[in-house]
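Read through the structure below, which is laid out as structure tokens, and then see the notes.
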Amino acid sequence: MIEVVASMARGPVFLAGEVLECLITFTNPMSHLSTSASSEMLAWASAQIHCQFHASESRVALPAQGTKQDVQAESDTVLIPSKGERGQCVLDTPPKILFCDLRLDPGESKTYSYSEVVPTDGPPSFRGQAVKYVYKLTIGCQRVNSPIKLLRVPFRVLVLHGMPEPPFPQDEEVAPSNPFLEEEEGSRRDTRLLERALDMLMITTSRRCPYMFNITNMRGKVAKFCIFKTVYRLGEDIIGTFTFSEGDIPCIQYSVSLQSEEEVQEQYQRRPGQAVSVTGHGRHLESCLHTASSHFSLPVPLNVTPGFTTDIVMLRWRLHFEFVTAREPVEAPVVLQNQSEVTVWTGAEHVDVDTFSWDLPIKVLPTNPTLASYVTQFTGTNSINI
């Protein structure tokens, strides 16, 4: 028996265009002191990244060729990373051979390093109501005259549009080299690429400009709303303020919800005029009668998917507001300046109200993948026994 362990040391979340690194260890766990211990042999092993796509049949109508199965799915001698997976493989990288003819004596282990640039032309990781995009690193191993065994390590991909492209290999060869800095430059090349992307992300989401909105209904002005920006990173707090003292209509209650809208592109909709799937990710509710001003704070969860668009689906983000207003003026309690007795104010038992809602589109962008790794469901480590 050979134990295979794959581990992504930095974590299981990556930006598209970033280099994924994984250490793959092959171990013969038998002790050399055991009387039944013997050497183990593996013919070869290779690794490959692929993205698996799955669509809900009740929401998405895919072309006929989209459901075709791989013609080599029954082969035991060809590495097919998506073999046995649901849906179809929409993106994969060329396989890389880790070794050929590996011999492991009892108690011996060998570790191989796999690295690959996460493709920039693929979708982000997403588990929606209509579609799912799931990324996996698949390691295939085979003994002589035995079927291939697959070890899959799922990971999460965040897509940042406009991320700097990785340098071409030929650029490294023609660039001037400094023998004193060669090791440092080689180790920091990928780090600089990530830093540039994060700097661009920070600049984009740090711009502040007050956006003012007058909240009105058919009876008049309810409040003034202010928000300082409409572009946010995962993990950021969305903060907004209401000024009710400038309104003509008393507002009794308001709520603000952070929502994502998943819309199937028209040509792939199962039914004409198919409704958009709305998912809530947080809600703030507050009673505000006789309140001059108020504010709310809604965090953008680290485990959600930033907005994106593919040929099949589009994901957008918005703030959904709901207001409950009184039809008639509601008198505020009056407290005399020199009153010594305790006064208890009781609200009205019946108030005629109106309700209305409003949606404010916002943009949600990725964040530092290391930060997102803290809340992901993936561990970045998997193992099998062959």
Side-chain angles (χ1 to χ4, degrees), residues 1-14 18-34 36-54 69-119 122 125 133-157 373 376-386:
M1 180 181 70
I2 294 180
E3 182 184 33
V4 186
V5 179
S7 178
M8 300 175 182
R10 205 212 65 186
V13 182
F14 300 88
E18 194 182 355
V19 175
L20 177 150
E21 294 185 350
C22 182
L23 295 179
I24 305 163
T25 302
F26 298 83
T27 305
N28 183 346
M30 295 293 293
S31 172
H32 66 280
L33 301 177
S34 175
S36 60
S38 62
S39 297
E40 297 280 0
M41 291 286 297
L42 278 179
W44 59 267
S46 69
Q48 186 175 5
I49 293 174
H50 68 102
C51 176
Q52 203 71 11
F53 165 75
H54 179 261
Q69 299 298 318
D70 198 312
V71 295
Q72 295 178 330
E74 300 302 322
S75 173
D76 289 333
T77 59
V78 177
L79 173 61
I80 303 173
S82 58
K83 181 179 178 180
E85 297 278 89
R86 296 180 62 189
Q88 54 184 295
C89 181
V90 294
L91 181 148
D92 57 0
T93 61
K96 290 187 176 181
I97 302 296
L98 300 177
F99 61 79
C100 291
D101 297 329
L102 174 66
R103 178 190 181 94
L104 292 175
D105 295 327
E108 185 182 7
S109 67
K110 288 192 176 181
T111 300
Y112 298 85
S113 177
Y114 170 82
S115 64
E116 182 64 86
V117 176
V118 179
S125 297
Y133 293 102
V134 180
Y135 281 84
K136 294 181 180 180
L137 168 62
T138 298
I139 297 102
C141 314
Q142 186 178 29
R143 291 177 179 270
V144 179
N145 298 324
S146 298
I148 295 175
K149 298 294 185 180
L150 300 179
L151 169 61
R152 293 191 174 98
V153 186
F155 61 96
R156 182 185 177 193
V157 173
S373 296
T376 185
Q377 59 179 329
F378 306 132
T379 62
T381 301
N382 270 4
S383 64
I384 59 169
N385 292 323
I386 301 177

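Along the sequence shown, residues carry numbers from 1. The analysis underlying the following values was restricted to heavy atoms, covering all of them including side chains, and did not include hydrogens, waters or symmetry mates.
Between F155 and F14, the angle of the ring planes goes over 60°, which puts this pair in the perpendicular group of the 30/60° scheme.
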Could you pull out all donor-acceptor pairs under 3.5 Å where a side-chain atom in residues 98-107 meets a protein atom, sequence neighbours excluded?
unit_1, atom_1, unit_2, atom_2, d
R103, NH2, S39, OG, 3.3
D105, OD1, S39, OG, 2.7

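The distance from atom CD1 of I2 to atom CD of E108, rounded to the nearest 0.5 Å, is 10.0 Å. In this structure, Y112 OH and L23 CG are separated by 13.0 Å, a value rounded to the nearest 0.5 Å. Taken to the nearest 0.5 Å, the NZ atom of K110 stands 11.5 Å off from the CZ atom of F26. Between the CE atom in M30 and the CE atom in M1 there is a gap of 8.0 Å [rounded to 0.5 Å]. How far CD of Q48 is from OG1 of T93: 5.0 Å, rounded to the nearest 0.5 Å. Note that the CG atom of L91 and the CD1 atom of I49 stand 9.0 Å from one another [nearest 0.5 Å].
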Given M8 and L137, is the side chain to side chain contact (heavy atoms under 4.5 Å, CB included) satisfied, shown in steps?
CA-CA 10 Å; M8 300 175 182; L137 168 62; 4.0 Å; yes

Begin with the C-alpha distance, continue with both residues' side-chain angles, and end with the deciding distance and a verdict on side chain to side chain contact (heavy atoms under 4.5 Å, CB included) for L20 and Y114.
CA-CA 8 Å; L20 177 150; Y114 170 82; 4.2 Å; yes

Pair T138, H50 - check side chain to side chain contact (heavy atoms under 4.5 Å, CB included), show working.
CA-CA 8 Å; T138 298; H50 68 102; 3.1 Å; yes

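Of all heavy-atom pairs spanning G140 and I148, the tightest one is CA-CG2, 4.3 Å. Looking at every heavy atom in both residues, E3 comes nearest to P29 through N-CD, 4.3 Å. Contact between S115 and V19 at its shortest, heavy atoms only, is CB-CG1, 4.0 Å. In this structure, D92 and C89 approach most closely via the heavy-atom pair CB-SG, 4.1 Å. Between P154 and P12 the shortest heavy-atom distance is O-CB, 4.5 Å. C141 and A45 make their closest contact through SG-CB, 4.2 Å (heavy atoms, listed as atom of the first residue, atom of the second, distance).
By the 4.5 Å heavy-atom criterion applied to side chains, V5 and T27 are not counted as neighbours.
When the side-chain hydrogen bond (donor to acceptor under 3.5 Å, both in side chains) test is applied to E40, the partners found at least two apart in sequence or on another chain are R143. The side-chain hydrogen bond (donor to acceptor under 3.5 Å, both in side chains) test applied to S7 returns T381, not counting sequence neighbours.
With hydrogens and angles disregarded, no donor-acceptor distance shorter than 3.5 Å links the side chain of K149 to the backbone of N385. Panel note: side chain Q52, backbone R86; a donor-acceptor pair is recorded below 3.5 Å.
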